[in-house]
Chemist: 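I'd like to ask you about the structure that follows.
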Amino acid sequence: MFHLFENRIQRAFASFLQIRYGADLPVLLEQPRQSDFGELALPVAFQLAKQLKKPPKAIAAGIVEGIGAVEGVAALEIAGNGYINIRLDRGLYGRTVLEQSSQPAAPKPGKVIVEHTNINPNKAAHIGHLRNAVLGDTFVRLLRAAGHTVEVQNYIDNTGVQVADVVVGFHHLEKKSPAEVEHLAGSARFDFLCWDLYARVSSYYQEHPEAAAWRLEALHAIEQGHGDAAEIGHIVADAIVECHLATMRRLEITYDVLPRESEILHLRFWATAFEQLKQRNAIYLESEGKNAGCWVMPGAAFSQEADEEDSKVIVRSNGTVTYVGKDIAYQLWKFGLLGKDFYYHALKTYEDGHTVWVSTVEPSEGAPSFGRATEVYNVIDSRQSYLQDVVVAGLRQLGYTAQADQSVHFAYEMVALSPRTCAELGVELSDEDSKRPYVEVSGRKGLGVKADDLIDKLIETAAKEVDARHPEAPIDERRQVAGQIATGALRYFLLKYTRNTVIAFDFQEALSFEGDTGPYVQYAAVRARNILRKLKERGGELPDFESVLTREAMERQLASEDFWQLLVAASKYGSSIERAVASGEPAHVARYAFQLAQAFNNFYHAYPVLAEENPEKRALLLWMTQYFCAQLEETLRVLGIRAPRYM
RNA sequence: GCGCCUGUAGCUCAGUUGGAUAGAGCGUCUGGCUACGAACCAGAAGGCCGGGUGUUCGAGUCACCCCAGGCGCACCA
């Protein structure tokens, strides 16, 4: 609601300034330093000072005198050296919130694709993957809340070297037949088994460099699709994808479609992209130097500082395409520019009826249409920004400037491990590493915190608290509540840092449920609902807010600074979403949720709602409780966090 | 060597596109449960915003130069 008032005030000032001064400048609205200065502040007099050659304070005075009445504004005050502070009309504001509390954002045109998760299907997911998925999933929820149509893609590299390495492990080290691997793949936590095997294979390569031939052989077999190695590769990748989907499901993360590398290969996506790139001279066949015999993209295409040496190889001298090449083809497909399409079959349907589709080479019936986006967000580790630049440059070189501009590398920093957590995991650190503030995880070394282990640990910790507090509740219910607290804690933990902050993962911090955490926010929602529940338990009913809380009643009650501040804070949900989408920073919403929860806890403590005897005040307290609860739950929903029924 | 990112309270981090007296959480210290159940609340202490020079009415925020750290710069993905 707040941003509607903001927009209205902005328009009123913009048109006034246009008429009065012929000034066509954006009217910036700020939040005043202190809340007792009002709800909004305009620094516009400063912006005009130079142009009009008058002191800001005089200009501000002119504006305040000239503009007259603005709807929704109770008072304009000049402060400091020339600020115009705005006080909203509290009665009108309260009434407006009461009458039109929730209205969904207007639908926006176009279709946004968000690609996230993208874990190699050869081992269990770890906390780094979780940051990617939680960030991506939350951004999807934010876009949808802002009215966008969004398609969620999770790219599966089922034919790459990482899968090949695990195949080598089963085939050569373990001497397993495809049937035996198939049997193992059906057992619980197959992804954990592969996690260890992958680490073993990696260290085996270290000691036996000649084993690299196995990897190459497996890779080729997988690409061709023949023989035991290929069969094992399929079994492993498919089973691990299932594991990842299950892990992510625990955190309420789902997908629309899983495009796979095997189909990019077999449907000859790359061949088509290759033709386009050659035809438009986006790449050329290098005849000399270190890249002789390769098709390369000139460095100048993706970097201003680049010289000849910085060209990027797209097709190797042996004729095979690099990852970047395939990614260009995939990116073209996302925008509907490739002239080719996947076929799909339904992989699974979630409890809520939503179906995930996976790419396939065979035509099938009933599959929806995917791709053809107007805007694409690729949620990828910031360490890959160089490669992402090359992909976008590929589009630009092909003349797809608009699509290149709509391709966003949604980058985030890595999740590393704190030295303390390494010690807890029993990892020995070199002297050099132990001096660092964090240690990088490594799938090859098997160094990392597995997602499912972490979730289990969080549930266990939460369950202890729940059991202690609600021993009388049914066990199933307690488990459900503990699960919701655990995912709330985890998602919030991964979201509260802005994207370009390296997270030095620490068990102690991640397992904390106090202070700036998910459970703190959930607890505020639970408290609010408890009040409403207690009211009913005691035979009470909610008053008819519409008739009791007239504009005059609102005016009287909201004169209280505490009530007014909570109402304003709770009504800023929309502004918070807009800001987070515009800046691409889900952390802003996490922060908003925390601040809102803080404001409520404060209110909760200071005003016993049910004990209030003055009917009008009691109505306001109840209404505020209900409104806060709705707004906070909406905010939590966008963060992918549930409010448990009790805590 | 080149490019990108980071440096804010003891620790971990915010800082709304350049605005008023720089904010949270944790930790420390003090106080508050016969309650809408304390996973909470109130209060205190804690700062040369890495350093320097500029830009302007105004800089944690922008520019340039240093210092310190991180990450990239494959015919791997």
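Fair warning: this is a prediction, and the values are worked out from it, not measured in the lab. In the text below, chain A, chain B and the rest are named by the order of the sequence lines, each starting its count at 1.
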Chemist: Which residues, if any, of residues 533-541 of chain A bring a heavy atom under 4.0 Å of RNA chain B?
Modeler: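 A:Lys534, A:Arg538 - these, ordered by number, are the residues of the stretch whose heavy atoms sit under 4.0 Å from the strand.
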Chemist: Pick one for B:U17: is it syn, with its angle within 90° of 0, or anti?
Modeler: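 B:U17: syn glycosidic orientation.
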Chemist: Should A:Asn602 be listed as having a side-chain N or O under 4.0 Å from OP1 or OP2 of B:A42?
Modeler: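 Yes, because at least one side-chain N or O of A:Asn602 sits under 4.0 Å from OP1 or OP2 of B:A42.
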Chemist: Ring-plane angle category for A:Phe600 and A:Phe603, please: parallel below 30°, perpendicular beyond 60°, tilted otherwise.
Modeler: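 Because their plane-to-plane angle lies in the 30° to 60° range, the rings of A:Phe600 and A:Phe603 count as tilted.
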Chemist: Let me spell it out: for each of A:Ala462 and A:Ala582, pick the nucleotide of RNA chain B with the closest heavy atom. Which residue's pick is nearer the 5' end?
Modeler: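 Looking at RNA chain B, the more 5' nearest nucleotide goes with A:Ala582.
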Chemist: Under a 3.5 Å limit for both distances, which nucleotide forms a Watson-Crick or G-U wobble pair with B:C29, could you say?
Modeler: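 Result: B:G43.
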Chemist: Over all strands shown, is A:Gln598 touching base, sugar-phosphate only, or nothing at heavy-atom distances under 4.0 angstrom?
Modeler: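 Sugar-phosphate, no base atom in range.
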Chemist: Both A:Pro43 and A:Arg444 contact RNA chain B. Which one's nearest nucleotide lies toward the 5' end?
Modeler: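 Counting from the 5' end, the first nearest nucleotide belongs to A:Pro43.
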Chemist: B:C49 and B:U61: how far apart are their P atoms, nearest whole angstrom?
Modeler: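 The same atom, P, in both gives a distance of 10 Å.
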Chemist: So A:Phe594, base contact, sugar-phosphate only, or nothing? Heavy-atom distance under 4.0 Å.
Modeler: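 Sugar-phosphate only.
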Chemist: Distance check, C1' atoms only: B:U30 and B:U21, in whole angstrom units.
Modeler: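 Looking at atom C1' only, B:U30 and B:U21 are 26 Å apart.
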Chemist: Please tell me which of the listed nucleotides, B:C75, B:C36, B:A77, lies nearest to the side chain of A:Ile531?
Modeler: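 So the nucleotide nearest the side chain must be B:C36.
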Chemist: Which pair of heavy atoms, one from A:Glu39 and one from A:Phe2, lies closest together, and at what distance?
Modeler: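 What the structure gives for the nearest pair is O-CZ, 4.0 Å.
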Chemist: Write down the distance separating the C1' atoms in B:C26 and B:A39, rounded off to the nearest Å.
Modeler: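 Roughly 15 Å separates the two C1' atoms.
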Chemist: Would you mind telling me which of A:Glu477, A:His470, A:Arg478 makes a side-chain hydrogen bond (donor to acceptor under 3.5 Å, both in side chains) with A:Tyr646?
Modeler: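 Per the side-chain hydrogen bond (donor to acceptor under 3.5 Å, both in side chains) rule, the option paired with A:Tyr646 is A:Glu477, out of A:Glu477, A:His470, A:Arg478.
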Chemist: B:C13 pairs with which nucleotide, Watson-Crick or G-U wobble, both distances below 3.5 Å?
Modeler: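 B:G23 is the nucleotide pairing with B:C13.
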Chemist: Could you state the CD-P distance from A:Glu413 to B:G69, rounded to the nearest angstrom?
Modeler: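 The answer, rounded to whole Å, is 17 Å.
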Chemist: Can you find a donor-acceptor pair, distance only, under 3.5 Å between A:Asn85 side chain and B:A20 base?
Modeler: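 Result: at least one qualifying N/O pair found.
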Chemist: May I ask you to say what A:Phe46 touches in the nucleic acid, namely base, sugar-phosphate or nothing, with a heavy-atom cut-off under 4.0 Å?
Modeler: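 Base contact.
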Chemist: Round to a whole Å and report the spacing from CZ of A:Phe600 to P of B:C40.
Modeler: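 To the nearest whole Å, that distance equals 14 Å.
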Chemist: Can you tell me, in whole Å, how much space there is between the C1' of B:G23 and that of B:A14?
Modeler: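 Their C1' atoms lie roughly 7 Å apart.
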Chemist: Using a 4.0 Å heavy-atom cut-off, does A:Thr501 contact any base of the nucleic acid, only the sugar-phosphate backbone, or nothing at all?
Modeler: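 Here A:Thr501 touches the backbone only, sparing every base.
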Chemist: Taking B:G10 as the reference, what is the distance to B:C2 when you measure between their P atoms (whole Å, please)?
Modeler: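 Result for the P pair: 35 Å, nearest Å.
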Chemist: Regarding A:Tyr607, tell me which of base, sugar-phosphate or nothing describes its non-hydrogen contacts under 4.0 Å with the strands shown.
Modeler: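 If one applies the 4.0 Å heavy-atom cut-off, A:Tyr607 turns out to touch a base.
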Chemist: Using a cut-off of strictly less than 4.0 Å, decide whether A:Asn318 has a side-chain nitrogen or oxygen near OP1 or OP2 of B:C75.
Modeler: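 No.
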Chemist: Please evaluate residues A:Asp165 and A:Arg444 with respect to the criterion salt bridge (charged side-chain N to carboxylate O under 4.0 Å, His left out), reporting the C-alpha separation (whole Å), side-chain torsions for both, the decisive distance (0.1 Å), and the verdict.
Modeler: CA-CA 10 Å; A:Asp165 286 342; A:Arg444 286 182 193 287; 3.7 Å; yes
Chemist: Under 4.0 Å, counting only non-hydrogen atoms across every strand here, what does A:Phe37 touch: a base, just sugar-phosphate, or nothing?
Modeler: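 Base, at least one base heavy atom under 4.0 Å.
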Chemist: NA contact type, A:Tyr520, heavy-atom cut-off 4.0 Å: base, sugar-phosphate, or nothing?
Modeler: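 Sugar-phosphate, backbone atoms only, no base.
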Chemist: Taking a pair as Watson-Crick or G-U wobble with both distances under 3.5 Å, which nucleotide is matched to B:A74?
Modeler: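 In the structure as shown, B:A74 has no Watson-Crick or wobble partner.
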Chemist: Under 4.0 Å, counting only non-hydrogen atoms across every strand here, what does A:Ala41 touch: a base, just sugar-phosphate, or nothing?
Modeler: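 Since a base atom lies under 4.0 Å of A:Ala41, the category is base.
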Chemist: Sticking with atom C1', work out how far B:G52 lies from B:C57, rounded to a whole angstrom.
Modeler: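 Roughly 24 Å separates the two C1' atoms.
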Chemist: When you check the phosphate oxygens OP1 and OP2 of B:G37, does a side-chain N or O of A:Tyr523 lie under 4.0 Å from one of them?
Modeler: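 False: A:Tyr523 side-chain N/O out of range (4.0 Å or more) of B:G37 OP1/OP2.
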Chemist: Hey, does A:Ala292 reach any base, or is it just sugar-phosphate, or nothing, if we go heavy atoms under 4.0 Å?
Modeler: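 Touches a base.
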Chemist: Can you confirm if the NZ or CZ of A:Lys457 lies within 45° of the ring axis of A:Phe507 and under 6.0 Å from the centre of its six-membered ring?
Modeler: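 Yes, A:Lys457 and A:Phe507 form such a contact.
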Chemist: Whole angstrom is fine here: how far is it from CG in A:Asp506 over to P in B:U12?
Modeler: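 Computing the A:Asp506:CG to B:U12:P distance gives 11 Å.
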Chemist: Which part of the nucleic acid, if any, lies within contact of A:Val521, taking any heavy atom under 4.0 Å across all strands shown: a base, the sugar-phosphate backbone alone, or nothing?
Modeler: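 Nothing: the residue A:Val521, judged by heavy atoms under 4.0 Å, touches no strand.
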Chemist: Measuring only the C1' atom in each nucleotide, how far is B:A63 from B:G25? A whole number of Å is fine.
Modeler: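 Result for the C1' pair: 34 Å, nearest Å.
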Chemist: What does A:Val502 touch in the nucleic acid at a heavy-atom separation under 4.0 angstrom: a base, only the sugar-phosphate, or nothing?
Modeler: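 Sugar-phosphate, backbone atoms only, no base.
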Chemist: Is A:Tyr646 near enough to B:C36 that one of its side-chain N or O atoms lies under 4.0 angstrom from OP1 or OP2?
Modeler: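 No.
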Chemist: May I ask you to decide if the ring planes of A:His129 and A:His244 are parallel, tilted or perpendicular, using 30° and 60° as cut-offs?
Modeler: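 Tilted, since the angle between the ring planes falls between 30° and 60°.
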Chemist: Under 4.0 Å, counting only non-hydrogen atoms across every strand here, what does A:Gln31 touch: a base, just sugar-phosphate, or nothing?
Modeler: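 Base, at least one base heavy atom under 4.0 Å.
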Chemist: Any donor-acceptor pair under 3.5 Å linking the side-chain atoms of A:Ser418 with those of A:Thr421?
Modeler: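 Yes.
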Chemist: Are any of A:Arg527's side-chain N or O atoms less than 4.0 Å away from OP1 or OP2 of B:A39?
Modeler: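 For B:A39, neither OP1 nor OP2 has a side-chain N or O of A:Arg527 closer than 4.0 Å.
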Chemist: Taking 4.0 Å as the cut-off, does a side-chain nitrogen or oxygen of A:Arg469 come that near to OP1 or OP2 on B:A39?
Modeler: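 Yes, because at least one side-chain N or O of A:Arg469 sits under 4.0 Å from OP1 or OP2 of B:A39.
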Chemist: Does the base of B:C75 carry an N or O that pairs as donor and acceptor with the side chain of A:Ser317 under 3.5 Å?
Modeler: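 Per atom types, the contact qualifies.
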Chemist: Mind checking A:Ala606 for me? I need base, sugar-phosphate or nothing, with any heavy atom below 4.0 Å counting as a touch.
Modeler: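 Nothing, no nucleic acid heavy atom in range.
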Chemist: Should A:Phe410 and A:Asn378 count as side-chain neighbours, where that means a heavy-atom distance under 4.5 Å?
Modeler: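 Result no, sub-4.5 Å side-chain heavy-atom pair not found.
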Chemist: OP1, OP2 of B:C5 versus side-chain N and O of A:Asn500: anything below 4.0 Å?
Modeler: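 No, because none of the side-chain N or O atoms of A:Asn500 sits under 4.0 Å from OP1 or OP2 of B:C5.
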Chemist: Which distance, rounded to the nearest 0.5 Å, do you find between the OG of A:Ser571 and the CG of A:Leu566?
Modeler: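 If we round to the nearest 0.5 Å, A:Ser571:OG and A:Leu566:CG are 9.5 Å apart.
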Chemist: Base, sugar-phosphate or nothing for A:Gln388? Non-hydrogen atoms, less than 4.0 Å.
Modeler: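 It contacts nothing in the nucleic acid.
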Chemist: May I ask which nucleotide in the shown strands pairs with B:C64, Watson-Crick or G-U wobble, both distances under 3.5 Å?
Modeler: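 Check on B:C64: paired to B:G52, both distances under 3.5 Å.
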Chemist: Can you give the donor-acceptor pairs under 3.5 Å from side chains of residues 516-523 of chain A to other protein atoms, not counting sequence neighbours?
Modeler:
from: A:Asp516; atom 1: OD1; to: A:Tyr492; atom 2: OH; distance (Å): 2.5
from: A:Thr517; atom 1: OG1; to: A:Phe513; atom 2: O; distance (Å): 3.3
from: A:Thr517; atom 1: OG1; to: A:Tyr520; atom 2: N; distance (Å): 3.3
from: A:Tyr520; atom 1: OH; to: A:Asn601; atom 2: ND2; distance (Å): 3.1
from: A:Gln522; atom 1: NE2; to: A:Gln484; atom 2: O; distance (Å): 3.1
from: A:Gln522; atom 1: NE2; to: A:Arg642; atom 2: O; distance (Å): 2.7

Chemist: With sequence neighbours left out, write down each residue that passes side chain to side chain contact (heavy atoms under 4.5 Å, CB included) with A:Phe37, or none if nothing qualifies.
Modeler: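 Side chain to side chain contact (heavy atoms under 4.5 Å, CB included) list for A:Phe37, sorted by chain: A:Pro32, A:Gln34, A:Asn85.
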Chemist: Do the side-chain N or O atoms of A:Tyr323 get closer than 4.0 angstrom to the phosphate oxygens (OP1, OP2) of B:A77?
Modeler: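 Negative; the distance criterion is not met.
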Chemist: Are any of A:His588's side-chain N or O atoms less than 4.0 Å away from OP1 or OP2 of B:G15?
Modeler: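 Yes, such a contact exists.
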Chemist: Would you measure the distance from the C1' atom in B:C75 across to the matching atom in B:G15 and give it in whole Å?
Modeler: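 Here B:C75 and B:G15 have their C1' atoms 46 Å from each other.
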